[in-house]
Each structure stands twice: as C-alpha cells, then as structure tokens.
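Below you'll find the structure, written out as structure tokens, and then a few comments.
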Amino acid sequence: MFYSEQKKQITTYNRRTFFLFLLKLSLFSAVGWRMYNIQILDSSKYKTLSKKNQIDLEIIFPLRGKIFDRNNILIAENEKVYDVYLIPENTKSINNTLNSLSKFIDIDFAKRRKIIELTSKVKKFEKIKIFENISWSILEKIETNKYNLEGIFIAEDHLRVYPYKEVFSHLLGYISKPNQTELSLPFISKMPDLDIGKEGLEKSFNPLLVGKAGQREIEVNSKGRIIREISKVDSIQGGELSLSVDLRIQEYAINLLKSYRAGSINVINIKNGEILCMASTPTYDANKIIKKPNKEYWESILSNSLSPLTNRSLQGLYSPGSTFKMIVAIAALKYGVINSNSTHSCSGKIEFGDRLYHCWKTNGHGKMDVTDAIKQSCDVFFYETSKKIGIDKIAKVAQDFGLGQIFDISMPNQKKGIIPSKKWKKTTLGESWYAGETLISGIGQGFVLTSPFQLAVMTSIIASNGKMIEPTIVKRKNVNFKTNTKYSKEIKIIKKAMFKVVNENKGTAFKSRLEDVKFAGKTGTSQVRSISLKERESDEFRKKEQEWKNRDHALFVGYIPYDDPQYAISVIIEHGGSGASTAAPIAKQVFNYIHKLDL
C-alpha cells in the first residue's frame, strides 16, 4: 500500500512537471515569435520608430529671377534641362549598366573610372549625377530603353541661359558655384551648392535674383536612408530685373564693333540718365562658361591677348585725346583765362622750355578762337590755354563733369581713371609737377586716363546745359536732375563749337554729318606711343601703314539732336587710327539707327 501511494505521488508530480514544461514552452515560444516579428518581419516599421532616426531638412533650391531689357525682352532666363543619375543598389552590375548606357552616350575610360570611384564612396542607396544637360535625342533614347538600364534615371533641372549670347555678356556676367568667401553672404549661406552671379549685373543683383529657398522636412534612419516626408515648403523664384538697355541698340552696336579688334560704344538717355547701350568688344558667350565641360573655352578666353572678359566701357582706361579739350576750354572760360573772342595763332608747333610741342596739323591752323579750335581740334591753341590756366583748375572742372568718377550703376569693378593734379602726382609718384605736363594734359594725353563711359556722362552733362546726370542701368521713370549753373555760359560756347565740328566745313567730323537730323560732337585721336621729330617731319612715316598696336586710338563723343538733346554717345576704337575717320562714322551710324527707331 505504501508502494501504491508512492507511485501515485510520482505520477502526480510528473503530470505537474509536464504541464509546467508546456507552460514554459508556450511562454518562450510566444516571446520568440514576438522577437522574430520585431527583428525580422516588422524591422522596417520599428526602424522608423528607432531613437536613432532623425529629422533632416532638405533644401529646395529656388529658380533664379529673370532679366529683361527695357522693352520686356528676356535676356537672361532659366531653361529646363535633364541630368542622368545612377543609384548603385538598383543595379546588379555597374559595369553592365554603363556598357548599356554607352550605346546612347559617350563614356570614355576616364569618365567610367570616375563613376565607379564615386559609387565606392557613397552609400548604395544614394543617387550620383553622372551626366548633366543631356540633349533631347539622348533623353529619348534613354527613356525608350529604360528596361535595359538598371539603376539609371533621369531628373529635371534648370540651366541659366542667355538667349543673345555675347550681346550682353559684359553687362550681365555669368553664374557659377560660390567660393569660400561668398558662402558667408546672407542670401547664399543656406544654399552652398546654388549657382550665384559672379560678374556684372548677375553679381550685383544676387540678393534680388537668387530667390528664397524652400525646404522638405524628412525622417531618415541611422544609415541616412529617407523613411518618410514630414512636411514641405516650396521655394520662391528670384525677383525680376528690368534694365534700361535696349536690345536693338545694344545688338546694333556690338555688330558694328565686330569689324574692329577692340572697342566700346555707350549711349545714354540725357533726359533720365538711362543707359541704352553699353557695348564692349571683344566679348564672350556666357552660355559656354556655364555649360560643362568648359575648360577648353575658358582657356581660349584667358589666352586671348585682347582680354574678352574686360568690359572696356567701365574698365578700359584711355587717354581721351582731343575730347578732353572741351573740359580745358570750359575751365579756361570759367576762370577768365580766355573769352569767346580770344585767339591764338597756330603755326604747327610751339616751343616751351627745351621742347617742341606739335599740332596734329603740320603746317598749323592759323588764327584760332575757342570755337574754331574745338571745331578743327587745334593742339597749339590748347597748349597755350592750358599753360595759362594750370593743371589744378583743369582737374577741378574735369571732376565736375564726371571724369575720374565711379558711378552708382550697380556694375562692379569700375575703374576710376586718372585726372592728374599737382597733389595727385606728389602723392602717387612722389614727384613735383612740371609745366610741360600741363601742356600735354591740355590735349588729353600724358597722365590723363578716362573710361569710355565717363566720356559719355561728360557729354550728357554738356548736352543738358550742366545737369548733373545720374546714370542708371535699371529702367526708371522720369527724374529731375540738379543743374550745376556755374558753367552755364561756358557750356553754351562749347555746344556751339561741337555743332561746328560735325556740321561745318573744316569740322573734323564734317564727313559724318546727317541730313535728316543734326547732331553735335567732338573727335579725338589718342596717341599710344611717342613720335620722334624725325618721324613727324617724314612724309614716308605718314604714308606708311602702321602696325595695329602702334596705331592711335580713335574716339568720338556727341549728342543728338542738337536743338533738343536726347541721347549722348561715346565711341572708342582701340588702335583705330583717327577719330574723324573711324569713330565719328560709327557714331553717325548709331545715331541714325536710333533716329529711325523713334524711341
């Protein structure tokens, strides 16, 4: 009986143990299944909820603002382009994908190696841009053969485009990636990969044109893969810019200048200061600078001895030659050195100190008053006049008429030039001023250096009877300029002389007059090298064709119409010879074109 009772107890114990084992087994199975679900089946779900996940902000770049000419013609816009991307994890073999892609787009060995190197440096799920701005035909082929191009996809982008190519290059400049210094600028600090203006108006108006960035709030896991988009704020396109420049006049001027190696034409609306034309050659095509690859084009520009990147209108400095004589005349009249009846006799040269100073006309002009001296551009008259007035008074008047000035026209890298004085020479060169230097300055040579645009402003002030013209490159409404009345009497005499230059026999620009409308002006010929006495007196020297770099610069300034001045012009042709034979005829063509436009 004891044995039976003991057996019964053992059986009960085993039954409880078995049930307890089943209970534990069920519990462990449930826990195991749960862990399997969490770690395997629902891993992506819980990765999303992982504490290692983070919220990132993805910047959405804005479209750059458009630029228009005065007649609302687009001269800088954004064109839709297409780029080719590769996602490594979406292809079984990068080599095979590139082999298939090479049937539609050229992939040389260096390019292939670069792409493969890139794939080894990024995460497998990251996209890599391998080609940009592909042609429409290539785009069609890639899209048609998508099924054979694992990991390849096309994305839309925008490219800055200048429809008129070289016509506005110096005015507009171009865009490119910011450098380290530019990254600290407020308008770009949050968009380090956004192209910004690097030259010209594109640079000056960056804050307006850049626009406002948008953003996408995204959640990414610990490896950087995007899990979901949380919110999105679209970018705002940059503001529009309307220029005062007229495409028709600008294009016409550029085409005229193409007949010469280098030069500049500037046209200003005298009534409101609007710049209608600022043309400089040689020029360049900003589209070729923006479009990659561009190394070959860059090298061709940088190796060009004529410096196509230089905006000669603002950065070119030239001796103004005889166009400066009007300033000397105003100064002499103002300070009572001469009056409208004062005369000097020109025999072709004068002696001063131990040196001879020659007139351009070997045999001289005879007796000259101030209007005739300007009309025929007599050097001797202005040698005598400048000697009496002195360089400091000439410098003061020159500055009052816009020479040696930087203008607030939102164009970077302007050059001030040189309007010399005794103080300037002492401060700059540490030397005293010599009287003979005043004579040379009196005909716009020597130390005197001005930009073509300064000469256009000077002419505008004279044409407007002393109004202090404030030029603008941005379209503006009517504006009232202050008038500097202290030169009123002197300006009337100068304008009369400028009329004679163009419209009277013996005037240096008489051959360039117009029949339909009268204009006034002044020719200039800027000497680029010293001419010896032997050369000057040699008939062979005058007949001999000079090497281009040794020829004089040709200049002309003027305004139209004479009786109610509307437009002022400056023309400079580098090494163009004389102003009368080269620059004046160009001004005539531009004035005639503007007259027929009936602006």
Side-chain angles (χ1 to χ4, degrees), residues 56-64 77-162 174-179 183 188 191-196 198 213-216 218 220-221 223-227 229 235 285-300:
D56 279 354
L57 290 179
E58 191 178 82
I59 301 299
I60 302 173
F61 289 168
L63 276 178
R64 195 166 179 83
E77 57 182 319
N78 307 297
E79 186 178 84
K80 192 179 291 185
V81 295
Y82 299 92
D83 302 328
V84 182
Y85 286 84
L86 170 66
I87 300 179
E89 74 172 3
N90 289 355
T91 177
K92 295 173 185 177
S93 168
I94 291 173
N95 267 317
N96 288 344
T97 295
L98 293 179
N99 286 339
S100 299
L101 185 61
S102 65
K103 296 175 183 177
F104 315 115
I105 189 169
D106 181 49
I107 309 176
D108 58 28
F109 177 78
K111 180 70 174 179
R112 179 185 290 265
R113 185 173 63 181
K114 186 177 179 180
I115 293 171
I116 292 173
E117 284 177 0
L118 279 173
T119 60
S120 65
K121 293 177 182 178
V122 302
K123 294 170 183 176
K124 295 296 182 184
F125 56 81
E126 289 183 345
K127 62 182 183 181
I128 306 166
K129 185 190 287 188
I130 58 176
F131 289 100
E132 61 183 10
N133 192 18
I134 60 172
S135 68
W136 187 258
S137 61
I138 291 174
L139 171 66
E140 287 181 323
K141 290 173 183 177
I142 291 175
E143 286 294 320
T144 304
N145 293 275
K146 261 184 174 181
Y147 57 89
N148 288 327
L149 299 170
E150 290 182 337
I152 296 293
F153 77 96
I154 304 292
E156 187 181 288
D157 199 358
H158 288 85
L159 182 72
R160 193 66 161 174
V161 174
Y162 304 100
Y174 55 89
I175 66 170
S176 188
K177 291 287 184 288
N179 57 35
L183 286 174
I188 194 65
M191 300 179 286
D193 292 326
L194 181 68
D195 287 340
I196 63 169
K198 306 292 279 189
Q215 66 179 36
R216 199 164 68 107
I218 53 174
V220 297
N221 64 20
K223 292 184 178 180
R225 189 189 293 272
I226 297 174
I227 304 302
E229 180 180 280
S235 61
D285 185 352
N287 296 303
K288 293 181 180 179
I289 288 178
I290 292 174
K291 200 171 181 180
K292 307 294 189 303
N294 59 9
K295 184 180 178 182
E296 186 177 340
Y297 187 67
W298 259 119
E299 287 177 349
S300 71

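One-based numbering along the sequence shown. Given the structure is predicted, the values throughout are model-derived calculations rather than measurements.
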Would Ile142 and Leu149 satisfy side-chain contact (heavy atoms from CB on, under 4.5 Å), going step by step from the backbone distance to the final call? CA-CA 8 Å; Ile142 291 175; Leu149 299 170; 3.9 Å; yes
Please find the pair of heavy atoms, one from [X] and one from [Y], that lie closest to each other, and give the distance.
X: Phe61; Y: Met191; result: CE2-CB, 3.9 Å
X: Ser102; Y: Asn99; result: OG-O, 2.6 Å
X: Pro178; Y: Leu183; result: CG-CD2, 3.7 Å
X: Pro62; Y: Ser235; result: CA-OG, 3.5 Å

So, using side-chain contact (heavy atoms from CB on, under 4.5 Å) as the criterion, who are the partners of [X] when residues are at least two apart?
X: Leu63; result: Asn78, His158, Gln237
X: Ser176; result: Lys198
X: Asn90; result: Ile87

Report yes or no: does [X] contribute a side-chain atom to a donor-acceptor pair with the main-chain N or O of [Y] at less than 3.5 Å?
X: Thr97; Y: Glu150; value: yes
X: Tyr297; Y: Lys291; value: no
X: Asn287; Y: Val161; value: no

Any side-chain hydrogen bond (donor to acceptor under 3.5 Å, both in side chains) involving residues 135-145? Give me the pairs, sequence neighbours left out, ordered by first then second residue. Ser135-Ser137, Trp136-Glu140, Glu143-Lys146
Working to the nearest 0.5 angstrom, can you tell me the gap between [X] [atom1] and [Y] [atom2]?
X: Thr119; Y: Ile94; atom1: OG1; atom2: CD1; answer: 3.5 Å
X: Ile290; Y: Tyr174; atom1: CD1; atom2: OH; answer: 9.5 Å
X: Leu159; Y: Ile175; atom1: CG; atom2: CD1; answer: 7.0 Å
X: Ile130; Y: Leu98; atom1: CD1; atom2: CG; answer: 6.0 Å
X: Lys295; Y: Ser300; atom1: NZ; atom2: OG; answer: 13.0 Å
X: Leu101; Y: Leu86; atom1: CG; atom2: CG; answer: 9.0 Å

Any Lys/Arg nitrogen of Asp195 or Lys177 sitting under 4.0 Å from an Asp/Glu carboxylate oxygen of the other? yes
Measuring only between side-chain heavy atoms, which start at C-beta, is Asp83 closer than 4.5 Å to Phe131? no
Sorted by chain and number, sequence neighbours left out, ring-ring contact (aromatic ring centres under 6.0 Å, His included) with Phe153 holds for Tyr85
Which residue pairs pass the salt bridge (Lys or Arg N to Asp or Glu O under 4.0 Å) test with at least one member in residues 107-121, sequence neighbours excluded? none
